[in-house]
Structures are given as structure tokens and as C-alpha cells.
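Heads up: the structure comes next, in C-alpha cells.
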Amino acid sequence: MEPATMAWTAGLVGAGLVYWFVWVMGAAEVKGKRAVDLKMGSITRDKVQDKYTQYWSFFRRPKETATTQASADKVPAFVDTFYNLVTDIYEWGWGQSFHFSPSLPGRSHRDATRVHEERVADLLAARPGHRVLDVGCGVGGPMRAIAAHSGAHVVGITINEYQVNRARAHNRKARLDAQCEVVCGNFMAMPFDDASFDGAYSIEATCHAPRLQDVYAEVYRVLKPGRLYVSYEWVTTPLFRADDPAHVEAIHGIERGDALPGLRRQDEIASIAQEVGFEVVQELDLALPPSLPWWTRLKMGRLAYWRNSLVVRVLTLLRIAPKGVVEVHEMLYETAQHLTLGGETGIFSPMHMVVLRKPADADADAEAEESSK
């Protein structure tokens, strides 16, 4: 073959690969985002690199992130920045549900995700006529699954305005916009009336709060007496050893790469819930056997990593994606390695489930206490 012909052939093959990776290759999930549509939330293109640098500077030392009130007060803003940076990448790779679930034999990740979400609706006994709160709803994947499964009206709250708009768009496409409502706000100070929900849940969301008490107290306030709250919590397990450098680095890596002001211990959750007034109905780590590993989804081979890295680099080079996407992608890949190690060693669980009840006489007791003052 002549050199000119070889060059043309190589050029065509190269162009074809770029076209396939960038414009054709979509998300791992059917309804996710295409690589070519990657943005950085509501951050303007020229500010992405700066925002990433600010985020990384704040969270790179997890133990110091929320040790003072001044730094704790900054956490919501940096969590908002985090989700501006990662939301589209998450949708590209994972679809509309940003959480883990136990693997199911012979079932896809999508199926396992849906089962994990529907479990919440069943525990709440949600049904038509109920108003259910999604605490930290993201782009609304769980919200839509729970609304469709139960028939309940679901109200989601997320601190990130870009996610609000994404969730509303997905709700319309799914024809669930009349059943699913999305509000932009901080789940530690929610804009809802007291005793206005028939049930509430959070799926791997409250880990972003500097103090879990603040979130639980707000959920307690907006729940009707006698109603349930289900939460899947990120925790370190009793297998974690603070004197093991590998354990410490894995947990710190999870905290740094997921905008966490410090992971809580598994044995703290129930006592925190009781501290704000909840009754603990059930507590169970859904990551433990007989559940199958949740972290298999993160075991990206080097070829897959190279492919995705190539995509984001090409997008950046072509100015389709803003400068900074490569760094965010690298951060998430590294975080996935820490999460995988946390799962394989058993020192971390992203699905420690607690089922909590607001006492049936809670409001009456509160009124009696107030009148006695």
C-alpha cells in the first residue's frame, strides 16, 4: 500500500474512532447522557478549572474539612460545586441514579438499582395519596422509580440548581412531572411545613452533612407523627482500623473524592437518630452477605478507563467540553479505586440502612412542653 493511501486510511479510521467515542458512545445506562453533552453544571466554561481547584483545596484534608463552624458552614457551597462538576459525568457513566446497590444474580445494574430503590417505597408503605420526601434527590432517578412503583407524590430536594433542572426535564420525559416535584434547597434547613410528609427517605445523600443530627432533625420536623424515614447511610464499619495506613488512605480517598466532611461510624447512626427523637425500627447493613458485592460496578478495566479518558481529552481538545473535565474525570477514577478497596476489605459500606419512626405522639409532647414554658 502506498504511503498516501496508508495515511488516508489511518486518517479515516482515526476520524471514525473519534466519531464513535465522542458522538455515538452514550452512557452506560440507556437513559444517560452522551459524552458530547458533558458540561460542568452551571459553572461557566472559563471557571471550571478554578472551581475544581477550589474544591480540591477544601476537601483534600478530610479531617480538617469541618472541624470548625466556619469551615462547616462552607460545606454546602462546596457540595454544590462538586455536583456542578460531576453531575454530567455521573449521568454519562451511570444514568440517573447516583448510588450503589447490591448485585443481583443474572440481573443488570439497572435492575439491581431499581430493586434497591423500590425497597424504600415498600418499607415506607408508600401509596397513592401519600406525599413522600426525597432528601438529596440528585437528578431524580430514585424519585421516579419510587413514584412509579408506589403511586405516591414524591417531593425531592437538592442543593444543586443544575440538578433541579435536570430532574425536572427527566420527570417530563418520563411523564411523571405531575407526580414528582423538585425543590432547590439545603436539606439541613428545608423550606417545608412541619408535619407535612407521609414518609421520607434518603439514598446515600446525608453523608454530605457536617452533622447528621441537623439533617435528621429537619426530617423529623417535616414528618407527620407515626410516619417512617428510611435512609441508606455511608459509614465505616467495625472492620476499619485507624492504625492501618491503607485503611486510612482508602477512607480519606472516598471523603476527598465525594465531597464528604468526614465519614461516620456505623455504630453512631442509630444513636444520632434517637438523639433527635426518632424510634429505631430497623437497622441493617445491606452490603453484608448474603448480598452480592456492590463495588463490582466500579471495577473498570484499564482499557475502559483509557477509552473514557481519551473521550474527555478529545472533547477538551476540540473545545466541546470545558477545560477541567479531564481533572474531574481523573479524580472520580481515583475515588472509584478507593471505594472498591473499601468494599473489598469490608471497611466501608454505602448502604447501612436505618428505618426510623417519628413517635405517634411527638407533636402532642412538643406542644405540651412548649405550653409549660
Side-chain angles (χ1 to χ4, degrees), residues 62 65-66 72 75-76 79 82 97-102 113 116-117 119-124 132-138 141-143 146 156-159 186-188 190 199-220 223 228-240 247 250-255 257-288 291 293-295 335 338-339 342-343 345-358:
T65 300
V75 169
V79 170
F82 173 75
S97 294
F98 301 170
H99 63 80
F100 297 106
S101 59
T113 297
H116 196 53
E117 293 165 349
R119 178 201 295 263
V120 171
D122 294 339
L123 287 167
L124 292 176
V132 175
L133 175 63
D134 183 328
V135 182
C137 65
M143 170 195 301
I146 288 169
I157 184 169
T158 173
I159 201 168
N186 186 339
F187 57 31
M188 293 183 290
M190 295 190 283
Y201 65 89
S202 51
I203 299 180
E204 302 182 26
T206 58
C207 49
H208 292 300
R211 281 174 30 95
L212 188 60
Q213 291 91 332
D214 295 337
V215 188
Y216 279 9
E218 272 295 270
V219 176
Y220 185 92
L223 264 184
L228 298 177
Y229 169 46
V230 177
S231 187
Y232 294 165
E233 296 288 345
W234 280 30
V235 295
T236 58
T237 75
L239 295 177
F240 171 71
H247 285 195
I251 295 304
H252 284 185
I254 292 169
E255 293 168 339
D258 282 301
L260 308 183
L263 280 166
R264 282 166 274 273
R265 299 193 318 270
Q266 192 174 70
D267 61 3
E268 292 180 288
I269 306 303
S271 59
I272 290 173
Q274 291 168 333
E275 180 184 325
V276 303
F278 278 117
E279 300 169 351
V280 179
V281 176
Q282 185 181 7
E283 188 175 16
L284 178 66
D285 187 355
L286 299 176
L288 293 176
S291 293
W294 53 266
W295 61 88
T335 306
H338 292 303
L339 286 162
T345 58
I347 64 174
F348 166 75
S349 171
M351 53 189 75
H352 182 73
M353 181 187 75
V354 286
V355 181
L356 311 173
R357 177 184 288 114
K358 181 175 180 177

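Every value quoted in this text rests on a predicted model; they were computed, and no experiment measured them.
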Q. Between Leu356 and Leu228, does a side chain to side chain contact (heavy atoms under 4.5 Å, CB included) hold up when you go through it step by step?
A. CA-CA 6 Å; Leu356 311 173; Leu228 298 177; over 6 Å; no
Between the main-chain N or O of [Y] and the side-chain N or O of [X], is there a donor-acceptor pair closer than 3.5 Å?
X	Y	answer
Asp258	Leu260	no
Thr237	Gly346	yes
Glu218	Phe187	no
Tyr232	His99	no

Indicate yes or no: at least one non-hydrogen side-chain atom of [X] is less than 4.5 angstrom from one of [Y].
X	Y	answer
Leu339	Trp295	no
Ile146	Asp134	no
Leu284	Leu286	yes
Thr345	Leu239	no

Q: For the residue pair Phe82 and His208, categorise the inter-ring angle as parallel (less than 30°), tilted (30 to 60°) or perpendicular (more than 60°).
A: tilted
Approximate separation, where rounding is to 0.5 Å, of [X] [atom1] and [Y] [atom2]:
X	Y	atom1	atom2	value
Thr206	Tyr216	OG1	OH	5.0 Å
Tyr201	Met143	OH	CE	6.0 Å
Leu263	Phe240	CG	CZ	9.0 Å
Gln266	Ile347	CD	CD1	12.5 Å
Arg357	Glu279	CZ	CD	6.0 Å
Asp214	Ile272	CG	CD1	10.0 Å

Q: Please assess Leu212 against Glu268 for the test side chain to side chain contact (heavy atoms under 4.5 Å, CB included), listing each intermediate value before the final yes or no.
A: CA-CA 10 Å; Leu212 188 60; Glu268 292 180 288; over 6 Å; no
List the atom of [X], the atom of [Y], and the distance in Å for their closest heavy-atom pair.
X	Y	value
Glu204	Phe100	OE2-N, 3.0 Å
Thr335	Gly257	OG1-CA, 3.1 Å
His338	Ala250	CB-O, 3.6 Å
Cys207	Glu233	N-OE1, 4.5 Å
Ala209	Val215	CB-CG2, 3.3 Å
Met353	Val355	CE-CG2, 4.1 Å

(Q) Using the rule given for side chain to side chain contact (heavy atoms under 4.5 Å, CB included), can you reason through Val281 versus Leu123, listing the C-alpha separation, both sets of side-chain angles and the distance that settles it, and then say yes or no? (A) CA-CA 11 Å; Val281 176; Leu123 287 167; over 6 Å; no
Q.
Checking Ser97 now: which residues fulfil side chain to side chain donor-acceptor pair (under 3.5 Å) with it, not counting sequence neighbours?
A. Glu117
Q: Quick one: do Gln282 and Val230 satisfy side chain to side chain contact (heavy atoms under 4.5 Å, CB included)? Show the steps, please.
A: CA-CA 9 Å; Gln282 185 181 7; Val230 177; over 6 Å; no
Q | Test of ring centre spacing under 6.0 Å for Phe278 and Tyr220 | A | yes
